[in-house]
Protein chains: 2
Amino acid sequence: MPYATDEIVKQLRETRERKPLSQRELSQLSGVPQAQISRIESNSIDLRLSTLIAIAHALDLEIALVPRKAVPAIKSITRQTMDAASIQAPEIAREMRRLRASIHRTQVAFPSLPQNEDLRSSFMFVQQWPIPANDFGTLRSIRVALERAIGNHSSDDVADVINDFRSLRNRIAHAPPASDRDDQTRPAYSLDEDDDG
Amino acid sequence: MPYATDEIVKQLRETRERKPLSQRELSQLSGVPQAQISRIESNSIDLRLSTLIAIAHALDLEIALVPRKAVPAIKSITRQTMDAASIQAPEIAREMRRLRASIHRTQVAFPSLPQNEDLRSSFMFVQQWPIPANDFGTLRSIRVALERAIGNHSSDDVADVINDFRSLRNRIAHAPPASDRDDQTRPAYSLDEDDDG
DNA sequence: AGAATTGATATATAAATCGACATCAACATC
DNA sequence: GATGTTGATGTCGATTTATATATCAATTCT
């Protein structure tokens, strides 16, 4: 209902979906109830500054008061870093969510496993890049391997996963800069969604 | 009482004092009661986003959500533009406030005077620069001339003021970049005030 | 010195957020 | 097809903001 809060709220939701986090996950990270997050995102209630900060911090965002004159420059910078966290195609995004869940389960199953850090960083890294659709299988196999390791209580199997993950990481990072790979791969998902509004 | 709202609130007050606006003036501009502004600035209550936006807009500020990674770059930009609106020495700041009041009275006295726009823009421009203490008299004489014009109901006298104002404007803008003008002139006022938190 | 302005507070009322539930339809997963 | 998850809503109660006024000490202006 309120005024120009829309743009900020929109940015919150967009950032959350890029991670991608569910409202309940964000709730856990930020301490703000899921119901409240939903109300904030959809209907835009007039939230308090502390709530805004809590959510923003959970999303690795900071709140800045910038002079009107500086807004264009600021936007150009934030676009760069924001777009770096690219929106994945829906199927990829879903698989990445599943993978994240599996990684989490792995960390719970083998809490003191040193490779956990590798898993986390590889995931964070890969997430930053547009993942081609033909790597869907790669993601899936990584996840399956993880789940199997959990099921077998054999933390050793995780090591193989790390290697697969690393090679995926390198392949994606060094991929051609997304001009024309003629297959149906949509190298990055449409960035502007519904930018009007 | 809340957490990291302090920094934002601090920035609001600092910006207001740089203009310089009184809490009551800012109240008129933003629509937020003076009592509320005082509470926000001093005691830091947990204000709503719409209130924050109202005040920020009145101060020519925008609220931006920036990725953590981009914060240093952002800060460097905002510093540039923020410091451009320099803090004046206290006596100068006071005189500028009086001058602004006089300009406002002039605009009320002669509403359809075309020079009003010149007055406004010259003021806004000069305000952006560090004003040397020895120009105190210049500011004062400009103000006195304005008040006399108002008293005499002679809008013609305003023209002279415009010229004085313009020359001040040029002199200040082309002044040496504030390294050592050996007189007691503090070219810019200490920028960091109490930057520690 | 007397008048006006500044920022800080006090009080009382209306309205809103916030949190902790619970529930629901749509969709995903197995 | 059964189960689980996601986002959107509903309600209730406690807390808080926000607004409107009024006041006050400290400066500042005339």
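Letters A, B, ... mirror the listed sequences (proteins, then strands); counts begin at 1.
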key: Working for salt bridge (Lys or Arg N to Asp or Glu O under 4.0 Å), residues B/Lys75 and A/Glu62   = CA-CA 11 Å; B/Lys75 279 216 170 159; A/Glu62 286 288 338; over 6 Å; no
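- Cluster partners of B/Val66, by chain and number: A/Val66, A/Val71, A/Ile74, A/Ile77, B/Val71, B/Ile74, B/Ile77. The rule joins Ile, Leu, Val, Met, Phe, Trp and Tyr whenever side-chain heavy atoms lie under 4.5 Å apart.
- Summarising the geometry, the separation between CG on B/Leu52 and P on D/dT16 is reported as 20 Å, rounded to the nearest angstrom.
- In this structure, A/Arg48 atom CZ and D/dT15 atom P are separated by 12 Å, rounded to whole Å.
- Between the CD atom of A/Glu91 and the C1' atom of C/dC27 there is a distance of 16 Å, rounded to whole Å.
- Across the protein-nucleic acid pair, A/Arg140 atom CZ and C/dA28 atom P stand 14 Å apart, rounded to whole Å.
- Under the 4.0 Å criterion applied to side-chain N and carboxylate O atoms, B/Glu7 and B/Lys10 are not assigned as salt-bridge partners.
- Residues B/Glu25 and B/Arg100 are paired through a salt bridge, judged by an N-O separation under 4.0 Å between the basic side chain and the carboxylate.
- Per the geometry, CG belonging to A/Leu26 stands 12 Å off P belonging to D/dA8, to the nearest Å.
- If you check residues 27-40 of chain B against DNA chain C, the residues with a heavy atom closer than 4.0 Å are B/Gln34, B/Ala35, B/Ser38, B/Arg39, listed by number.
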task = Give the intermediate values and the outcome of salt bridge (Lys or Arg N to Asp or Glu O under 4.0 Å) for residues A/Arg94 and A/Glu91.
result = CA-CA 5 Å; A/Arg94 248 177 288 140; A/Glu91 331 96 50; 5.9 Å; no
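- Taking 4.0 angstrom as the limit, B/Thr51 places a side-chain polar atom (N or O) nearer than this to OP1 or OP2 of D/dA18.
- The phosphate of C/dT6 (OP1 or OP2) has a side-chain N or O of B/Ser22 nearer than 4.0 angstrom.
- Taking the charged nitrogens against the carboxylate oxygens, A/Glu147 and A/Arg143 have no contact shorter than 4.0 Å, which rules out a salt bridge.
- A straight line from CD1 of A/Ile45 to P of D/dA18 spans 13 Å, rounded to a whole angstrom.
- Contact annotation for A/Arg24: base contact, defined as any heavy-atom pair under 4.0 Å involving a base atom.
- With a 6.0 Å radius and a threshold of 12 heavy atoms from other residues, nucleotides or ligands, A/Gln128 has its CD atom above the threshold.
- Distance B/Asp46 CG to D/dT15 C1': 11 Å, rounded to the nearest Å.
- In terms of phosphate contacts, B/Arg13 brings a side-chain nitrogen or oxygen within less than 4.0 Å of OP1 or OP2 of C/dA8.
- Here B/Arg143 does not reach the OP1 or OP2 of D/dC29: none of its side-chain N or O atoms lies under 4.0 Å away.
- Regarding A/Leu21, its CG atom lies at a distance of 14 Å from the C1' atom of D/dG7, rounded to whole Å.
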